[in-house]
Amino acid sequence: MAASPEAPELSRKDFVTNQDVRWCPGCGDYSVLANVQRVMPELGVPRENFVFVSGIGCSSRFPYYMNTYGFHTIHGRAPAFATGIKITRPELSVWIVTGDGDGLSIGGNHLMHAIRRNLDVQILLFNNRVYGLTKGQYSPTSALGMRTKTSPTGSIDHPIDPITFALGSGATFVARTIDVDASHMQEMLKRAHQHKGTAFIEILQNCPVFNDGTWEELQDRKSRTETALVLEHGKPLVFGAPGARKGICVDHGVPKVIDVSDDQAPEAQGVVVHDENAPPSYSFALASLARPEFPLPVGVLRETEKPCYEAMVEDEVQHAIESRGPGDLRDLLNSGDTWEVEG
Amino acid sequence: MGAVNDGPADDSHPRKSVTEVDHVAIRFAGDSGDGMQITGSKFTDTTALFGNDVATFPDFPAEIRAPAGTLAGVSGYQVHFAAEDIFTPADEVDLLIAFNPAALRANVEDVRGHGMVIINSDAFNKKSLQRAGYTDDPLPGLRERFNVVEVPVTTLNREALQGLALSSREVDRCKNFFALGLLLWLYHRDLEPTARWLASKFKADVLEANIRTLKAGHAFGETTELLPTSFLVPAAKIEPGPYRNITGNAALAWGIVASAVQLDKPVFLGAYPITPASDVLHEVARHRNFNVKTFQAEDEMAAASSAIGAAFAGHLGVTVSSGPGFILKQEAIGLAVMVELPLVIVDVQRAGPATGSPTKTEQGDLLAALYGRHSQAHLPVLAPATPGDCFHVMLEAFRIAVKYMTPVIVLSDSYLANSAEPWRIPDVESLPRATVSHPSSDAAESFRPYERDAELLARPWAIPGTAGLEHRIGGLTKAPVSGNVVYDPDNHEQMVALRYQKIEGIVRDIPPIEVNGPDRGELLVLGWGSTHGAITAAVKGARERGLDVSHAHLRHLNPLPADLGDLLSRFRRVLLPELNLGQLSMILRARYLIDIESFTKVAGQPFKVVEIQTKIEQMLEESS
């Protein structure tokens, strides 16, 4: 959607509210907020057409700090509120902000159904692998064995991977980014907005109070070279510093890390070339790359096209009006068998 | 049965006598796959078209197809039609048509003494009697008490359909229309409306088969010696005007559609399938050309949440459910109270708790509607009294929701949902209209999301897409005008009080209570919701016998009408029948310190007229 020509140029400041931001010092959420506020003016959407919808949790305070329309709803159900908003007002740019607990535990069902319907919305899932607002219990993405107040001897829950969850729900756009990587996150936010359909972004986010350093090896610029596999469409899956580069190849259907020589193009050495539009089996294989055996993929894992739900709902209404004419209440009340009682 | 006269000679059936009667109640009973609901509703439509007053009571099992021939699988449809005003489907029936022994066993005790029992004799054999739990043949005993008429329906239907290219299973499935044809003959009803309906539903051989057997049933009535007399119930003298049949669920659905028209706002219905409320979603989904969007959500919480999202976006949000689903919505309803957005929540109550008896009726959710959310979450609650009233209550609910910026709960129930009554079609011009306004960008400078209307205390409904009015709402406690999040204790108390006062203020919109009978005296029967019919009939009967009793019925359960306390104090005694363990009685006792006498029933069935009438008589005997 293009801004009307006379609309004033917006800047980051236009998206900042007068409310004090109340996240803990050092929280990864600050960085996400700043990047979202920075990207908003560049999307060509009038400010009044943005709606931020959240559930409950630290990340779900997000709408209070965005000078747009915003709705802080109930735990886990932001996708359902957003569905009502998007179906009734398809012209709005609707952004769902959720966390690993909100989105994958109490709200897993709503998240799945919003994604499978392919509403044209953006979903930002802040994954810090812990419950923050309830003060430090393990979450559905916490590592097995994580010690918390509710798992004093270590968590016995097998974690769920948000990316695999989104792919399994039929997501048409799936990406991963890191809270401290501002330029990458901004690129992902723009791509998500450009995508027609549900755009799902997992944001690896640090909780300095209850799970400090959970993504340290990916946040640290130096180690990131080895631990992150930065995805670019049409480019080979390579990582590591020049001179010690490695790549991902597929051996008998199983992904494998190989050393890559700088003398020859990686694809010539058997390295897989990233294709965002490849069939889902490829996206799932990519999503299965996990630390510490593999570098963690960041970037757009998958983008594909499907009809959007809100457009199909609108079509149903338009079709009904075209085929039957606009509803007439008198005709409805008098439809079928009626009779007249004489006075 | 009413006064029996020798009727006038009837030209169409010269060979048989016609008996004129004031009112008749009949019940169709068979396996849940026998088509009893369709047969009953087609009989109802025809008899309503003829001009009788009609009340129906469909009663079916929760299982879609319980094992054939068992008591668990019996489905029944009762229709009461009369030449005068009637209010209930009748306590007992004049005629039962039973398609098998199980249907006979489950229903025969509801037939009045010497009433008629038509059985499909083809379905009676040793095995089927056993399956129904009969150890001996019940017919000899029943013949002493009833006029038992044995008709080989299955055989006659097969004979009528010979030569059609249908499987024997398809042929047998038509037999309910043979029975319908027979009953249409017995009560002098036209075949035309049913034939027209069949033509709209079926094609080719199936259509031909159903029409043929319908006519065969009718012809059988005319010629058989088993039925020497037919009966005529003359048209009722009811208020002149255009009429149609309507069930409570259809009326709710049309009320939702009509709200879009009358408030000039698009509607969004978010719902999750649940018995007995699903029909509302089905019906609304058929009328999308009214600018209505329907959404089958993934669960009940999503249904309510999506409707609140739609309300935030500026549509009329509504969600429809029954008890178990209604309870799942409570958290979302609490949020709607907190953010003060308009929303209508319909609970078509059913017998519970838990899955309970999902197809049976109850008024057990009143306290849950009033108090089922955590903390102080005051909101308006309305209850329709009759199937047709569901339409008007929906309009009223939306009107209150948008005027006061609040969620509103509508309490229907399974009995209203499925029962049909002739409904005087309202003149569209006479229906209430309301205009909804949203603040515009012009108000950007002065706009505050929680600044209230001085009189109504409603906050403005500013919607996304309006430049300059960007604001945030949410579940956290707000400051009174700015809507900013505040944790100050006094502020919290002030906001709770403001929301409470806003809802209490709705009392200004509630008309004075109408009293049927004197407005003071010995006994007032007070009711709410679907007990209206049984109470009306019972009080009418009692007054005709000279008893000093009046009836008032509450549509607004929160806030209560301003004149209720005064009305209650003008009667020496107050009887409150309700289909729960005394929920409204408890509230009224606490509120008005009056010793309401609670009369309760939680059997999954509506009150019988005689139950309330007997109670009235007992109370007045004690008093005298």
Side-chain angles (χ1 to χ4, degrees), chain A residues 17-19 46-54 56 63-64 66-77 79-89 91-92 109-110 112-113 313-314 316-317 319-321 323-327 329-330 332-343, chain B residues 45 48-49 51 193 235 238-245 254 257-258 260-262 266 268 270 287-293 295 297-299 301-302 305-315 317 331-332 335 339 425-426 428 464-476 484-485:
Chain A
T17 62
N18 60 359
Q19 300 296 293
R47 187 177 63 174
E48 63 272 19
N49 278 7
F50 283 112
V51 183
F52 278 79
V53 186
S54 66
I56 295 294
Y64 288 118
M66 288 295 299
N67 193 10
T68 62
Y69 284 90
F71 201 168
H72 176 221
T73 69
I74 43 183
H75 206 7
R77 323 229 184 279
F81 286 88
T83 300
I85 295 169
K86 189 66 186 179
I87 290 175
T88 52
R89 300 283 304 279
E91 76 278 18
L92 299 174
N109 193 39
H110 305 300
M112 171 174 80
H113 290 282
V313 174
E314 191 64 39
E316 288 177 336
V317 170
H319 176 75
I321 292 172
S323 59
R324 281 179 279 158
L329 188 54
R330 189 173 289 105
L332 173 65
L333 297 180
N334 289 281
S335 61
D337 287 335
T338 64
W339 66 96
E340 192 74 28
V341 173
E342 305 292 338
Chain B
D45 289 349
L49 274 172
I238 48 181
E239 196 187 346
Y243 278 82
R244 64 169 309 116
N245 263 343
W254 288 10
V257 170
V261 177
Q262 298 306 101
F268 173 91
H287 302 294
R288 292 181 173 132
N289 55 332
F290 282 83
N291 209 0
V292 170
K293 288 177 174 172
F295 172 58
E298 59 269 25
D299 61 29
M301 291 90 86
S305 300
S306 62
I308 297 170
F312 179 59
H315 282 225
E331 186 192 24
L335 179 71
V339 297
I425 301 170
V428 172
T466 319
L469 305 190
E470 292 87 350
H471 66 283
R472 277 64 56 195
I473 59 170
L476 292 168
N484 287 337
V485 175

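All values below come from the heavy atoms of this structure, side chains included, with hydrogens, waters and symmetry mates left out. Below, chain A is the first sequence line, B the second, and so on; all start at residue 1.
Counting heavy-atom pairs closer than 4.5 Å to chain B, the top residue among A/E314, A/E340, A/E48 is A/E48. Chosen from B/V261, B/V485, B/T466, the residue pairing most often with chain A at heavy-atom distances under 4.5 Å is B/T466. With chain B as partner, the option from A/I87, A/T73, A/I56 having the largest number of non-hydrogen pairs under 4.5 angstrom is A/I87. Ranked by non-hydrogen atom pairs under 4.5 Å with chain A, the options B/S305, B/G51, B/P426, B/G309 are led by B/S305. For the set A/V313, A/N334, A/T83, A/T17, the entry with the most heavy-atom pairs within less than 4.5 Å of chain B is A/N334. No other option in B/V257, B/L49, B/I425 has as many heavy-atom pairs under 4.5 Å with chain A as B/L49. Comparing A/H75, A/M66, A/R77 by heavy-atom pairs within less than 4.5 Å of chain B, the highest count is held by A/R77. With respect to chain A, the highest number of heavy-atom pairs below 4.5 Å among B/A48, B/A311, B/A260, B/A235 belongs to B/A48. The candidate from B/G468, B/G241, B/A258 with the greatest count of non-hydrogen atom pairs under 4.5 Å with chain A is B/G241. Interface remark: of the candidates A/N18, A/T338, A/L333, A/L333 forms the most heavy-atom pairs closer than 4.5 Å to chain B. Note on A/A320, A/P63, A/G70, A/G76: by heavy-atom pairs under 4.5 Å with chain B, the leading option is A/G70.
In this structure, A/H319 NE2 and B/R288 CZ are separated by 10.0 Å, a value rounded to the nearest 0.5 Å.
With a threshold of 4.5 angstrom between heavy atoms, B/P464 approaches chain A through its backbone and through its side chain. Using a 4.5 Å cut-off between heavy atoms, B/I238 contacts chain A through both its backbone and its side chain. Of the atoms belonging to B/H471, heavy atoms from both backbone and side chain fall under 4.5 Å from chain A. Only the side chain of B/Q262 comes within contact range of chain A, with at least one heavy atom under 4.5 Å from a heavy atom of that chain.
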Before you tell me yes or no, could you show the steps for A/D337 and B/N245 under side-chain hydrogen bond (donor to acceptor under 3.5 Å, both in side chains), namely the whole-Å CA-CA distance, both residues' side-chain angles and the distance that decides it to 0.1 Å? CA-CA 8 Å; A/D337 287 335; B/N245 263 343; over 6 Å; no
Start with the C-alpha distance between B/F312 and A/V51, add both sets of side-chain angles, then the distance that settles side chain to side chain contact (heavy atoms under 4.5 Å, CB included), and finish with yes or no. CA-CA 10 Å; B/F312 179 59; A/V51 183; 3.9 Å; yes
What's the verdict on side chain to side chain contact (heavy atoms under 4.5 Å, CB included) for B/L476 and A/H72, showing C-alpha distance, side-chain angles and the deciding distance? CA-CA 8 Å; B/L476 292 168; A/H72 176 221; 3.8 Å; yes
Worked check of side chain to side chain contact (heavy atoms under 4.5 Å, CB included) between A/L332 and B/F290: CA-CA 10 Å; A/L332 173 65; B/F290 282 83; 4.0 Å; yes
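A 4.5 Å side-chain heavy-atom check between A/H110 and B/D299 finds at least one atom pair inside the cut-off. Counting heavy atoms from C-beta on, the side chains of A/Y69 and B/L469 come closer than 4.5 Å. Contact annotation: the side chain of B/W254 never approaches that of A/L329 to less than 4.5 Å [non-hydrogen atoms, C-beta and beyond].
With hydrogens and angles disregarded, a donor-acceptor distance shorter than 3.5 Å links the side chain of B/R244 to the backbone of A/S335. Put simply, the side chain of B/H315 gets close to the backbone of A/T88: a donor and an acceptor are under 3.5 Å apart. Between the side chain of B/R472 and the main chain of A/T68, a donor-acceptor pair closer than 3.5 Å is present.
Here the closest heavy-atom approach between residue B/V339 and residue A/F71 is recorded as CG1-CE2, 3.9 Å. Counting all heavy atoms, side chain and backbone alike, B/V292 lies closest to A/V317 at O-CG2, 3.7 Å. When all heavy atoms of B/G465 and A/L92 are compared, the pair lying nearest together is N-CD2, 4.1 Å.
Between B/K293 and A/E316 there is no salt bridge, since no side-chain N of the basic residue sits under 4.0 Å from a carboxylate O of the acidic one.
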